[in-house]
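In what follows, every chain begins at residue 1, and chains take the letters A, B, ... in the order their sequences are listed.
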Protein chains: 2
Amino acid sequence: MSSNQDNLTLCPVEITLTLIGGKWKILILRDLMQGTKRFNQLLKSINGINQKVLTQQLRSMEKDGLIIRKVYPEVPPKVEYTLTELGLSLKPILDAMYEWGEKYKKIKG
Amino acid sequence: MSSNQDNLTLCPVEITLTLIGGKWKILILRDLMQGTKRFNQLLKSINGINQKVLTQQLRSMEKDGLIIRKVYPEVPPKVEYTLTELGLSLKPILDAMYEWGEKYKKIKG
DNA sequence: CTGTATCCTAGAAGATACTG
DNA sequence: CAGTATCTTCTAGGATACAG
């Protein structure tokens, strides 16, 4: 898994990939860019992910300083996930991906 | 594998991911953004990839219209890979990833 | 040099059941 | 609701050998 202890001799693009590569993190970021979300909200809005994998990805992103996990000591439990400043700073990447996908859709769709 | 037959009802970010997701395509794009490259050049400059996987990824990207493969009928063979216009249009994404990686390096390094 | 063709493996991802 | 804990499946990726 990625971590902030990864080799910092990698090229900048590779560094970025170690933190947001993989099948799901970009999609989690896409959702959290809209604001704080609860675990179940993420689970529903991310097509095809399951509970275990979502938990794993969120933990990894928390460890990497991209998101913050806030637990409300209630019953039933309530857990909210929010982007950190570092996480928010990924927005230009997400925006570029969004724009490219839009254009591609128009061409091919 | 990704293809241009993927479900176009996906959100734009997901569409982009189907075309450039995975462990290697971004790195191949990074290299080809600098211009046409031969197979062996790519093999050497992409850290950790092997021949089979590089071939697979290049075929997939060719099928998706991101790159063009040009074979020179020589002995020994010479094959060059070049970005198409569509492939080139991914540059903003690569640039954003590069910039983010740079900043991250400065903070953590 | 640029590929196929096999075979193999690690680990990501998924299904299911259970819990505070 | 938001998780663990297991067990299983799957496939991207890797190692190796060979070929035009």
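Without hydrogens or angle criteria, A:Gln57 side chain to A:Leu54 main chain gives no donor-acceptor distance under 3.5 Å. Here the side chain of A:Thr16 pairs no donor or acceptor atom with the backbone of B:Trp100 at under 3.5 angstrom. Side-chain N or O atoms of A:Asp64 include none that pairs as donor or acceptor with a backbone N or O of A:Leu66 at under 3.5 Å.
Considering only side-chain N and O atoms, B:Gln57 lies under 4.0 angstrom from the phosphate OP1 or OP2 of D:dG13. For the pair A:Tyr81 and D:dC1, the criterion of a side-chain N or O lying under 4.0 Å from OP1 or OP2 is not met.
Between B:Leu54 atom CG and C:dG3 atom P there is a gap of 8 Å when expressed in whole angstrom units. Rounded to an integer number of Å, the gap from B:Phe39 CZ to C:dT2 C1' is 6 Å. The nearest whole Å value for the distance from the CG atom in B:Leu43 to the C1' atom in D:dG14 is 13 Å. One can place NZ of B:Lys37 at 17 Å from C1' of C:dT2, the figure rounded to the nearest angstrom. Per the geometry, CZ belonging to B:Arg69 stands 8 Å off C1' belonging to C:dT2, to the nearest Å. For B:Arg59 and C:dA5, the CZ to P distance is 11 Å, given to the nearest whole Å. Distance, A:Lys70 NZ to D:dC1 P: 20 Å, rounded to whole Å. At whole-Å resolution of the value, NZ in B:Lys78 and P in C:dC1 are 13 Å apart.
A residue-by-residue look at A:Asn50 and B:Val79 shows that B:Val79 has its nearest nucleotide of DNA chain C further toward the 5' end.
Of the listed nucleotides (C:dG3, D:dG3, D:dG13), D:dG3 has the atom at the smallest distance from the side chain of A:Thr55. Listed nucleotides: C:dG14, D:dG3, C:dT2. Nearest to the side chain of B:Arg38: C:dT2. Nearest nucleotide to the side chain of B:Trp24, out of D:dG14, C:dA17, D:dC1: D:dG14. Of the candidates D:dG3, C:dG3, C:dA13, C:dG3 carries the atom nearest the B:Gln51 side chain, counting heavy atoms from C-beta on. Picking from C:dA13, D:dC1, D:dG3 the nucleotide with the shortest atom distance to the side chain of A:Asn40 gives D:dC1. Of the candidates D:dG14, C:dT2, C:dC1, D:dG14 carries the atom nearest the B:Lys52 side chain, counting heavy atoms from C-beta on.
Using a 4.0 Å heavy-atom distance criterion, A:Tyr72 is classed as making no nucleic acid contact. At the heavy-atom level, B:Gly48 lies under 4.0 Å from the strands shown only through sugar-phosphate atoms.
Side chain to side chain, B:Lys25 and B:Ser60 meet the donor-acceptor criterion of an N or O pair below 3.5 Å.
Annotation: cation-pi geometry satisfied between A:Lys78 and A:Tyr72 (NZ/CZ under 6.0 angstrom from ring centroid, within 45° of ring axis).
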